[in-house]
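If you read the sequence from its start, that first residue is 1, and numbering goes on from there. The shown structure was predicted, so the numbers you read here are calculated from the model rather than taken from an experiment.
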Amino acid sequence: MIDLLMQSFQIKAMGFFEAVMLICFGASWPFAIIKTYKTKNVKGKSRLFYSLIIIGYICGMINKILNSMDIVFWLYVLDLILVSTDFVLLLKYRNREE
């Protein structure tokens with residue numbers, strides 16, 4: 001019985017800290033998107049970096065679907081949308097600098 005309670009607490013704690021991590025990561029993307037949109041400057045931004053972040057978020061979503069679907073899944077979706085938006089702006093404005 002105690003083992004079951006401990007496992008339940010660990011799962012809830014993991015979900016909480018995972019959610020906090022995603023909220024912290026996601027909080028920075030709107031500022032990056034606004035800055036990119038206003039300045040149309042993508043100097044220093046890397047397609048590889050954005051691609052790796054997008055892959056990471058997709059893997060997190062797959063993990064949630066396969067193992068422990070909960071509300072944190074939607075934080076992955078939101079962060080993926082934000083990163084993808086900035087990535088699209090990167091691709092759009094990259095041609096202007098080359």
Side-chain angles (χ1 to χ4, degrees):
M1 179 70 169
I2 293 174
D3 288 338
L4 182 61
L5 289 173
M6 288 302 292
Q7 286 177 341
S8 175
F9 175 74
Q10 288 173 340
I11 290 170
K12 288 179 183 177
M14 265 184 9
F16 171 77
F17 289 115
E18 185 179 13
V20 171
M21 176 198 69
L22 290 168
I23 290 167
C24 290
F25 287 166
S28 63
W29 290 113
F31 298 108
I33 292 167
I34 291 167
K35 182 180 177 188
T36 303
Y37 182 75
K38 283 184 176 181
T39 65
K40 297 174 181 34
N41 181 1
V42 294
K43 188 174 183 180
K45 293 191 177 195
S46 165
R47 288 178 284 193
L48 177 61
F49 175 75
Y50 279 83
S51 298
L52 291 172
I53 292 173
I54 288 169
I55 290 168
Y57 283 136
I58 290 170
C59 289
M61 292 166 62
I62 291 170
N63 177 58
K64 285 294 174 187
I65 291 168
L66 296 177
N67 294 313
S68 61
M69 185 67 166
D70 57 14
I71 197 161
V72 176
F73 172 82
W74 297 106
L75 292 173
Y76 278 107
V77 171
L78 177 61
D79 284 0
L80 179 63
I81 290 169
L82 292 170
V83 173
S84 297
T85 301
D86 203 29
F87 186 62
V88 167
L89 291 174
L90 166 67
L91 296 175
K92 179 179 178 180
Y93 297 131
R94 186 133 188 117
N95 294 334
R96 299 179 77 174
E97 291 189 357
E98 293 177 352

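- Separation of the Trp74 and Tyr57 ring centroids does not fall under the 6.0 Å cut-off.
- Residue Leu52 is not grouped with residue Leu91 when hydrophobic side chains (ILVMFWY) are merged at heavy-atom distances under 4.5 angstrom, including chains of intermediate members.
- A pairwise comparison of heavy atoms in Pro30 and Ala27 identifies CD-O, 3.4 Å as the closest pair.
- In this structure, Asp70 CG and Phe73 CZ are separated by 10.0 Å, a value rounded to the nearest 0.5 Å.
- Closest of all the heavy-atom pairs between Leu82 and Gly26 is CD1-O, 3.7 Å.
- Ile55 and Tyr50 end up in different hydrophobic clusters when Ile, Leu, Val, Met, Phe, Trp and Tyr side chains are linked at under 4.5 Å.
- The NZ atom of Lys40 lies 4.0 Å from the OH atom of Tyr93; values are rounded to the nearest 0.5 Å.
- Atom CZ of Phe25 has 12 or fewer neighbouring heavy atoms from other residues, nucleotides or ligands inside a 6.0 Å radius.
- Atom-to-atom distance recorded for Thr85:OG1 and Ile34:CD1 is 11.5 Å, nearest 0.5 angstrom.
- Atom SG of residue Cys59 and atom NZ of residue Lys64 lie 14.0 Å apart, to the nearest 0.5 angstrom.
- Between Ser51 and Phe87, the shortest heavy-atom distance links the atoms OG-CZ, 4.0 Å.
- Under the side chain to side chain contact (heavy atoms under 4.5 Å, CB included) criterion, Ser84 pairs with Ile54, Leu80, sequence neighbours left out.
- Here the CG atom belonging to Asp79 is positioned 8.0 Å from the CE atom belonging to Met21, to the nearest 0.5 angstrom.
- Side-chain contact between Phe31 and Thr36 is absent, with no heavy atoms from C-beta onward closer than 4.5 Å.
- Heavy atoms from other residues, nucleotides or ligands lying under 6.0 Å from CD1 of Ile71 number 12 at most.
- For the pair Val42 and Leu89, the minimum side-chain heavy-atom distance is 4.5 Å or more.
- Counting heavy atoms from C-beta outward, Asp86 and Lys45 have side chains that approach closer than 4.5 Å.
- No path of Ile, Leu, Val, Met, Phe, Trp and Tyr side chains, each step under 4.5 Å between heavy atoms, connects Trp29 with Val88, placing them in separate hydrophobic clusters.
- Leu78 CG to Ile23 CD1: the interatomic distance, rounded to the nearest 0.5 Å, is 9.5 Å.
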